[in-house]
Amino acid sequence: VDRLTTRDLEHYVSTRRTELGSRSGKRPPKRITVQDELRMLRRMVDTTGRWGRHDARFPGMPSFRGWPKDAKPPRRLTPAEHHRLVEVAALDRPGLARLIAFAGWCPRRPLAIFDLRREDCTRALDASYDGRDLVYFRRDKGGEARGWGPLLPEARAILVDHLRDSIGPPAAVVWSPAISSAYTAKALGWNLRYLCTKAGVPLVTPYDLRKLAAVRAYQACRGNLRATCLFTGHREGMTLYRHYLFEDEDVVMAAVRGTSAST
């Protein structure tokens, strides 16, 4: 490790750029793939250094100048596509349809949504309760944003309908598939893949649903990032702004036509 230099890493990048691999064996790796490999190497060097295994420091990331960004453009799920997925799922799996509908209006991490228990939603069921903290999120990535949180009115309505149409003890998870006790992001992803094929919608992932919900929350909060973070569970508003929000189609078309539109 103490002999590793930035020049070594630059040689690695140039070599990887010419390698042919992937499933077809005819394409080089993507730039983001090689960047992730080096980030993992940096993490291993830094972590083992903290463990006292060596005194070396990571030499620094090499330049990727000349290697154009080749990642796919971000998927931007539209409300119409979301509605179509819910519509198709409802034909034979109403519980899954409500989960997809809820995830498109609740921008919390999938982990937080999947671990909701019926007892965590008692406030949402109380029609007389109009406070901000409606649902208790007991799990989240890294333990962030656990506790009571708000819901958009549309998400609350979907949740209430599902709870009233299903049964289970207070400790039971709200969204439960037939073959296991709780959903996972991978399991929901496979369901979405099937539904997308059936509905004629380009591939959708669980995080595409979250991004759509984040846009909806951002619009409901009238562009206030700090308020939107209460709905999404983010600590930093800029993380939300950079990676989750995309332009509203109505606003874009209004700009193209030279008319005004409310945000």
Go through the side-chain N and O atoms of [X] and [Y] and say whether any donor and acceptor fall under 3.5 Å apart.
X: Tyr12; Y: Glu37; value: yes
X: His82; Y: Arg216; value: yes
X: Thr33; Y: Asp36; value: no

Stepwise ring pair (Phe, Tyr, Trp, His ring centres under 6.0 Å) test for Tyr183 and Trp175:
CA-CA 7 Å; Tyr183 274 102; Trp175 310 104; 8.3 Å; no
Hydrophobic clustering (ILVMFWY, side-chain heavy atoms < 4.5 Å, transitive) - are [Y] and [X] grouped together?
X: Leu134; Y: Trp148; answer: no
X: Leu99; Y: Leu163; answer: yes
X: Val160; Y: Ile113; answer: yes
X: Leu240; Y: Met238; answer: yes
X: Tyr241; Y: Val215; answer: yes

Could you measure the distance from the [atom1] atom of [X] to the [atom2] atom of [Y]? Nearest 0.5 Å is fine.
X: Tyr194; Y: Arg93; atom1: OH; atom2: CZ; result: 9.0 Å
X: Arg109; Y: Thr232; atom1: CZ; atom2: OG1; result: 7.5 Å
X: Ser14; Y: Leu9; atom1: OG; atom2: CG; result: 11.0 Å
X: Cys229; Y: Glu236; atom1: SG; atom2: CD; result: 8.0 Å
X: Leu116; Y: Ser176; atom1: CG; atom2: OG; result: 13.0 Å
X: Thr205; Y: Leu77; atom1: OG1; atom2: CG; result: 9.0 Å

Could you check whether atom [atom1] of [X] has more than 12 heavy atoms from other residues, nucleotides or ligands sitting under 6.0 Å from it?
X: Tyr129; atom1: OH; answer: yes
X: Met40; atom1: CE; answer: no
X: Arg138; atom1: CZ; answer: yes
X: Asp165; atom1: CG; answer: yes
X: Leu91; atom1: CG; answer: yes
X: Arg235; atom1: CZ; answer: no
X: Asp92; atom1: CG; answer: yes

Thinking salt bridges, do [X] and [Y] make one under a 4.0 Å N-O criterion?
X: Glu10; Y: Arg7; value: no
X: Asp208; Y: Arg76; value: no
X: Glu87; Y: Arg84; value: yes

[X] side chain to [Y] main-chain N or O, any donor-acceptor pair under 3.5 Å?
X: His83; Y: Thr78; answer: no
X: Arg118; Y: Ala172; answer: no
X: Arg17; Y: Val34; answer: no
X: His54; Y: Ala56; answer: yes
X: Arg193; Y: Leu203; answer: no
X: Arg146; Y: Asp140; answer: no
X: Thr15; Y: His11; answer: yes
X: Asp126; Y: Thr122; answer: no
X: Asp161; Y: Ile158; answer: no
X: Arg75; Y: Pro202; answer: yes

Verdict with reasoning, Asp115 to Phe137, per side chain to side chain contact (heavy atoms under 4.5 Å, CB included)
CA-CA 8 Å; Asp115 202 55; Phe137 295 97; over 6 Å; no
Contact between Leu188 and Pro110 at the side-chain level, heavy atoms closer than 4.5 Å - yes or no?
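A side-chain contact under 4.5 Å is absent here.
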State, yes or no, whether a side-chain contact exists between Leu212 and Trp105 at a heavy-atom distance under 4.5 Å.
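When only atoms from C-beta onward are counted, Trp105 and Leu212 do not touch, as no gap falls below 4.5 Å.
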My understanding is that only one of Val174, Leu151, Leu209 makes a side-chain contact (heavy atoms from CB on, under 4.5 Å) with Phe102; could you say which?
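Only one of Val174, Leu151, Leu209 forms a side-chain contact (heavy atoms from CB on, under 4.5 Å) with Phe102, namely Leu151.
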Does Phe64 form a side chain to side chain contact (heavy atoms under 4.5 Å, CB included) with Leu38? I'd like the steps, not just the answer.
CA-CA 12 Å; Phe64 279 77; Leu38 294 182; 4.0 Å; yes
Determine, for Phe231 and Arg108, whether the Lys NZ or Arg CZ falls below 6.0 Å from the six-membered ring centre while staying within 45 degrees of the axis.
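Arg108 over Phe231 ring: no.
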Between Val201 and Leu195, is a side chain to side chain contact (heavy atoms under 4.5 Å, CB included) present by the stated rule, with each step listed?
CA-CA 8 Å; Val201 172; Leu195 290 172; over 6 Å; no
Assess whether side chain to side chain contact (heavy atoms under 4.5 Å, CB included) is satisfied between Asp46 and Arg57, documenting all intermediate values.
CA-CA 7 Å; Asp46 292 345; Arg57 301 187 65 179; 6.0 Å; no
